[in-house]
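Okay, structure first, notes after.
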Amino acid sequence: MRTTHEHGAVDVRTLNNGVVMPALGFGVFQTPPEVTTQAVETALETGYRLIDTAAAYGNERQVGDAISNSGLARDEVFIETKVWISDYGYDQTLHAFDKSARKLGVESIDLLVLHQALPGEFDTTVEAYRALERLLADGRVRAIGVSNFMPGHLADLLERTEIVPAVNQVEVHPYFAQPELQAFDAARGILTQAWSPIGGITSYRGDSERSTFTDPVILGIAEQHGKSAAQVMLRWHLQQGRSAIPKSVRAERIAENFDVFDFELTLEQLAAVDGLDTGVRGGPEPEDITLETFGRVIPED
């Protein structure tokens, strides 16, 4: 499905509750607050209409400032943010919405997700999700979802709650594609949204000899299309039906990552990228997430 605005053809995804979301978004993970506003303003000028942030990133206020400064109508920008584990629990998560909405400067949030499962305290995770269901029923959010949930977490959640998550945002890139998780999501109408979609985690971790940006298979495909490695990877996500949220603070990279709607990979090229999967996760193990290790207070303002 495609829609069109002044910047040209852009893919969209229709979520399982009928809400339409841009497929390609702009992420601000690890973007310092002092540069977030400018980066998001540049992204919006470039044509991005989905902005992904999180309470734990500490830059929701700057994202809100950029959206306000853009002059775009509220319904032209799809805002996604995440509740951190320290704010799980029914009442705590309702309050977490208030904190995020206040920082973002909005009354409603388009997509609100739980940032991680808390495997050792899953009752608290379920209560947090029930709060999301309440926010959805009250019209304060338009869609709800999860992030970094594995099949076991999702199965447990689905048994104990009413609404199937619209989105599961997880690590997906050519070196870690999680095909079983993607299939689990798809079978239940959950959209897989890729964080680190161009494998940046394979570069900045510094402990890997391989990087998606210098992979000969990806570079070979890029050369055939006159595109960059990043553009090939983003095209791979879009053609396989995912949402992707690349991040950058450099204007030229922000523009490059959006310039992916004028070419198509062949079935053979898609399969070649699929074949690069190593099964090695770059981010934290979802089973290892605990309040003791990862808890942090999310400020009121």
Side-chain angles (χ1 to χ4, degrees), residues 13 21 23-31 50-57 80-85 111 113-119 125 145-155 157 165-188 190-215 217-218 229-248 257 270 273-290 293-294:
R13 300 286 177 261
M21 180 184 84
L24 184 64
F26 183 74
V28 294
F29 172 59
Q30 292 187 332
T31 302
L50 162 60
I51 307 297
D52 171 79
T53 183
Y57 298 170
E80 175 178 3
T81 193
K82 311 175 194 74
V83 180
W84 189 239
I85 57 174
L111 175 59
V113 307
L114 300 184
H115 204 142
Q116 302 272 357
L118 263 180
T125 307
V146 295
S147 180
N148 302 303
F149 274 53
M150 297 299 102
H153 307 140
L154 285 167
L157 187 75
V167 167
N168 186 14
Q169 184 188 113
V170 293
E171 179 184 348
V172 180
H173 49 78
Y175 286 178
F176 189 63
Q178 305 206 73
E180 296 84 4
L181 176 59
Q182 289 197 57
F184 190 98
D185 286 348
R188 289 153 184 82
I190 302 169
L191 175 68
T192 298
Q193 183 178 57
W195 65 256
S196 192
I198 53 179
I201 201 164
T202 66
S203 295
Y204 66 63
R205 281 175 66 93
D207 56 4
S208 174
E209 295 177 2
R210 301 178 65 192
S211 166
T212 52
F213 298 100
T214 56
D215 188 283
V217 172
I218 296 173
Q231 289 169 324
V232 166
M233 289 184 270
L234 291 169
R235 191 70 219 165
W236 170 70
H237 287 291
L238 295 177
Q239 284 184 227
Q240 293 188 338
R242 289 182 291 280
S243 170
I245 45 168
K247 58 151 287 191
S248 180
N257 290 343
L270 291 170
V273 178
D274 286 339
L276 298 174
D277 188 12
T278 66
V280 177
R281 185 185 303 278
E285 284 291 340
E287 285 300 321
D288 295 343
I289 301 299
T290 66
T293 307
F294 291 96

Which heavy atom of [X] sits nearest to which heavy atom of [Y], and what is that distance?
| X | Y | answer |
| --- | --- | --- |
| Asn257 | Ala230 | OD1-CB, 3.8 Å |
| Ala229 | Phe213 | CB-O, 3.9 Å |
| Pro174 | Thr212 | CD-CG2, 4.3 Å |
| Tyr175 | Thr278 | O-OG1, 2.7 Å |
| Phe176 | Asp277 | CA-OD1, 3.4 Å |
| Tyr57 | Phe29 | CE2-CD1, 3.3 Å |

To the nearest 0.5 Å, how far apart are [atom1] in [X] and [atom2] in [Y]?
| X | Y | atom1 | atom2 | result |
| --- | --- | --- | --- | --- |
| Gln178 | Met150 | CD | CE | 4.5 Å |
| Ile51 | Glu80 | CD1 | CD | 10.5 Å |
| Thr192 | Arg13 | OG1 | CZ | 11.0 Å |
| His115 | Thr81 | NE2 | OG1 | 9.0 Å |
| Ser147 | Leu114 | OG | CG | 9.0 Å |
| Leu24 | Ile245 | CG | CD1 | 10.0 Å |

Contact between [X] and [Y] at the side-chain level, heavy atoms closer than 4.5 Å - yes or no?
| X | Y | value |
| --- | --- | --- |
| Thr31 | Thr53 | no |
| Val113 | Gln193 | no |
| His153 | Pro119 | yes |
| Pro246 | Leu234 | yes |
| Leu118 | Ile289 | yes |
| Asp52 | Lys82 | yes |
| Pro151 | Glu180 | no |
| Met21 | Leu191 | yes |

Between Arg188 and Leu154, does a side chain to side chain contact (heavy atoms under 4.5 Å, CB included) hold up when you go through it step by step?
-> CA-CA 10 Å; Arg188 289 153 184 82; Leu154 285 167; 5.9 Å; no

Results of side-chain hydrogen bond (donor to acceptor under 3.5 Å, both in side chains) for [X] - residues two or more places apart only:
| X | answer |
| --- | --- |
| Trp236 | Gln240, Asp274 |
| Thr290 | Thr293 |
| His173 | Glu171 |

